[in-house]
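Here's the structure, in structure tokens; my notes come after.
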2 protein chains.
Amino acid sequence: MKNVSINDIAGALHVSKTTVSLVLNNKGDALGISKRTQSRILKLAKKLNYQPNKIAKGLILGKTETIGVVLADISNVFYSKIARAIEDSLSHREYQVLFLSSDEDPAKEKKGIEILKHRIVDGFIISTTQLNKNIILQLQEENYPFVLIDRHFPDIHTNSVIVDNRGGALAATEHLITMGHNKIAHLTLSTHLYAIQQRIAGYRQALEAHRIAFSPDWIQDIPYTNAKKRMMIALKTLISIKGMTALFFANNRLTILALQCLQDMKINVPNDVAIASFDDVDTFKVTHPSITAVEQPLEAIGKYAVDILIEEINNSGKMNPKKQVILPTKLIIRQSSRKYPVTADS
Amino acid sequence: MKNVSINDIAGALHVSKTTVSLVLNNKGDALGISKRTQSRILKLAKKLNYQPNKIAKGLILGKTETIGVVLADISNVFYSKIARAIEDSLSHREYQVLFLSSDEDPAKEKKGIEILKHRIVDGFIISTTQLNKNIILQLQEENYPFVLIDRHFPDIHTNSVIVDNRGGALAATEHLITMGHNKIAHLTLSTHLYAIQQRIAGYRQALEAHRIAFSPDWIQDIPYTNAKKRMMIALKTLISIKGMTALFFANNRLTILALQCLQDMKINVPNDVAIASFDDVDTFKVTHPSITAVEQPLEAIGKYAVDILIEEINNSGKMNPKKQVILPTKLIIRQSSRKYPVTADS
DNA sequence: TTGAAAGCGTTACCAT
DNA sequence: ATGGTAACGCTTTCAA
């Protein structure tokens, strides 16, 4: 269980640990350590399977080559795909990733960030709950490297990588309009997340652009608690009472929930009602019908976030200009938004 | 950006850092530090928002309160759910989690474990690729705390938390038999993962128990590459040529792939062929028809793994008896395995 | 071409 | 009741 240290190598070879450290960090040539000494050290290090103690290195260097990733919930496909993209981009640079799920709870978010901050991570990638602006402001003030993903504060100038939520919602809604619908409802979340608000804005923008009369009750919030029951009621109201012929959902969770409800209610998609969703997930390819959705570039989000973060970490000290990137989404048209009449296939 | 250290507090209060350390670690009373000194220190620490430097602590204590989790792919629902369960159990104990995706690549697995081993994590939870027994044996030999999940080596006595793969496959296959089928094929992976072999064993056991004549070509391997094409061929052969009326899939990925193929081939489930799958995923609830599946207790896997690991870390030094837990699965019966004739709904 | 020593922030031992 | 100092394993001057 004992690990080989730089001292062990130095002792065995009768050289100083300085020499060993230098050689192992490829500074041998620059500092003019003899080829012979270098190769002896290198050889022994390999033989003993020497691995530097990252903790000790971290202490002196003030860097751990570890970054903290704070997400709402790692078990949600959306985040786990981003997580994977982040992990991949980072591992190419020999960085490690610490994950933290905030569960949309600002207290958990704060606690997690504080624990990691104190020198265990070199920086953060955060999908903020947006419920605790202070913690973000504080990081910013302390000049702690971080980048916000998926969600950001429109009024704080931080590094951020988000998608064009408004554009995506606009495209989906316009597609529904193109398919002949003019009674299109929007099912969304009761939240103040800026990203969700932008989706509402995109939806409304599409209706306006096509001069479709709109009434505020076309938009229904589904709360987190009692979601299924509330969804049932909302669907019934929108479809049976208000005569909506198309539904646009703010995220994949809502859509999947609605699909179950619609099946229970014997309402056929897309014959009785057409559907489009924000967030493309694999499930949407195998449902019947398959679901038209706004795809978010998850790998790109992860990649950009890492690039920006690493650059900031490497330039720490210097005041880096904050970068904001907004990535385009892509509308994937499937069966759920087909024009009817539709011939049923199995 | 400068962090408060124990020295800053000691300096400001004109006490030694020993005293500060003692007080901050709640050893003040035991060591008889005066109440007054204690409260002065505590107050200032709070005021300056002192946070101990975990790295320094890690160096001297040889513990980082961080554990490494090595999974095949964090973006796979199966693993991300386990990951979440692990994270939750661990966060209650103030532990952090480092994730690593191995991509079923033994080289990545080895490299990842080696990087983390050298003092950055206190222990591991590993879903091994099973392709590199050495790395596991080495951990065992070094008495490094770890527990294997999902997959294990039947011939090495390590800590492990797995599910009853054979039992799950047996139950699913028997269910299909009960539904009146006696030509049941098994679609599996070309792999030597023990867990997958056990599923095959369970499937065969069910057939034998019911004295159903079986031929080896009822079992088809689908390789990773060219999966869709290979699946098409396998399905065609099994259903059209060999007249199979039911299919049992070794995991959710295969089932989802098959669902797409069957849709393309205009083969109706469950009218033309019945289906059951190992691995329950959310998708299976919203497909049409919904899919009968063997549910694995993912949260329990995570929880048990953490319990065992933490206990081992806390008792490090002592030789702990290795624990193996085998968790039961649960068959969730849905529409895909219904007896025909079936009246189409929706 | 190499080595000695200081220092990173903490804990722990031994004094006083 | 409190302080001095070594130690954890490493990097980095500075000196030789």
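Just so it is clear: chains get the letters A, B, ... in the order the sequence lines come, proteins before strands, and each one is counted from 1.
Atom CG of B/Asn25 is separated from atom P of C/dC13 by 13 Å (rounded to the nearest Å). Note: CG (A/Asn7) to C1' (D/dC8) measures 11 Å, nearest angstrom. Note: CD1 (B/Ile55) to P (C/dT11) measures 13 Å, nearest angstrom. One can place CD of B/Gln51 at 15 Å from P of C/dG9, the figure rounded to the nearest angstrom. The CD1-C1' distance, from A/Ile120 to C/dC8, rounds to 16 Å in whole Å. As rounded to whole Å, 18 Å separates atom C1' of C/dA4 from atom NE2 of A/His14. In this entry the distance linking CD1 of A/Ile6 with P of D/dC8 reads 14 Å, nearest Å. If you measure from atom CG of A/Asn53 to atom P of D/dA7, you get 18 Å, rounded to the nearest angstrom.
Residue A/Ser16 is the one, among A/Ser16 and B/Leu22, whose nearest nucleotide of DNA chain C lies closer to the 5' end (criterion: closest heavy atom). Nearest-nucleotide positions on DNA chain D place B/Thr19 closer to the 5' end than the other of A/Leu61 and B/Thr19. Of the two residues near DNA chain D, A/Pro52 and B/Lys35, the one whose nearest nucleotide lies more 5' is B/Lys35.
The only option from B/His152, B/Glu312, B/Gln324, B/Lys323 that meets the side chain to side chain donor-acceptor pair (under 3.5 Å) definition with B/Asn159 turns out to be B/Glu312. Screening A/Thr64, A/Asn314, A/Thr66, A/Leu309 for a side-chain contact (heavy atoms from CB on, under 4.5 Å) with A/Asp122, the sole residue that qualifies is A/Thr64.
A salt bridge does not link A/Glu94 to A/Lys54: none of the charged side-chain nitrogens sits closer than 4.0 Å to a carboxylate oxygen.
Remark: A/Leu31, A/Gly32, A/Ile33 in residues 26-33 of chain A come within less than 4.0 Å of DNA chain C through at least one heavy atom.
Neither OP1 nor OP2 of C/dG9 sits under 4.0 Å from any side-chain N or O of B/Tyr50. Considering only side-chain N and O atoms, B/Ser21 lies nowhere under 4.0 angstrom from the phosphate OP1 or OP2 of C/dG9.
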Test B/Ser16 against B/Thr19 for side-chain hydrogen bond (donor to acceptor under 3.5 Å, both in side chains), laying out the working first. CA-CA 5 Å; B/Ser16 80; B/Thr19 312; 3.1 Å; yes
Just do the side-chain hydrogen bond (donor to acceptor under 3.5 Å, both in side chains) check on A/Asp29 and A/Gln38 with the steps written out, would you? CA-CA 9 Å; A/Asp29 286 335; A/Gln38 290 203 41; 3.1 Å; yes
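Not a single donor-acceptor contact under 3.5 angstrom links the side-chain atoms of B/Lys57 to the base of C/dT11. Side chain B/Thr18 to base D/dG4: a donor-acceptor pair is found below 3.5 Å. Residue side chain B/Thr37 does not reach the base of D/dA1 through any donor-acceptor N/O pair under 3.5 Å, judged by distance alone.
The nucleotide whose nearest atom lies closest to any side-chain atom of A/Val15 is, among D/dC10, C/dG9, C/dG3, C/dG3. With D/dG9, C/dT10, D/dT2 as the candidates, the nucleotide lying closest to the side chain of A/Ser5 is D/dG9.
At most 12 non-hydrogen atoms from other residues, nucleotides or ligands lie less than 6.0 angstrom from OH of A/Tyr304.
Atom NZ of A/Lys108 is separated from atom CG of A/Leu100 by 8.0 Å, given to the nearest 0.5 angstrom.
Side chains of A/Thr129 and A/Asp105 form no contact here, defined as non-hydrogen atoms less than 4.5 Å apart.
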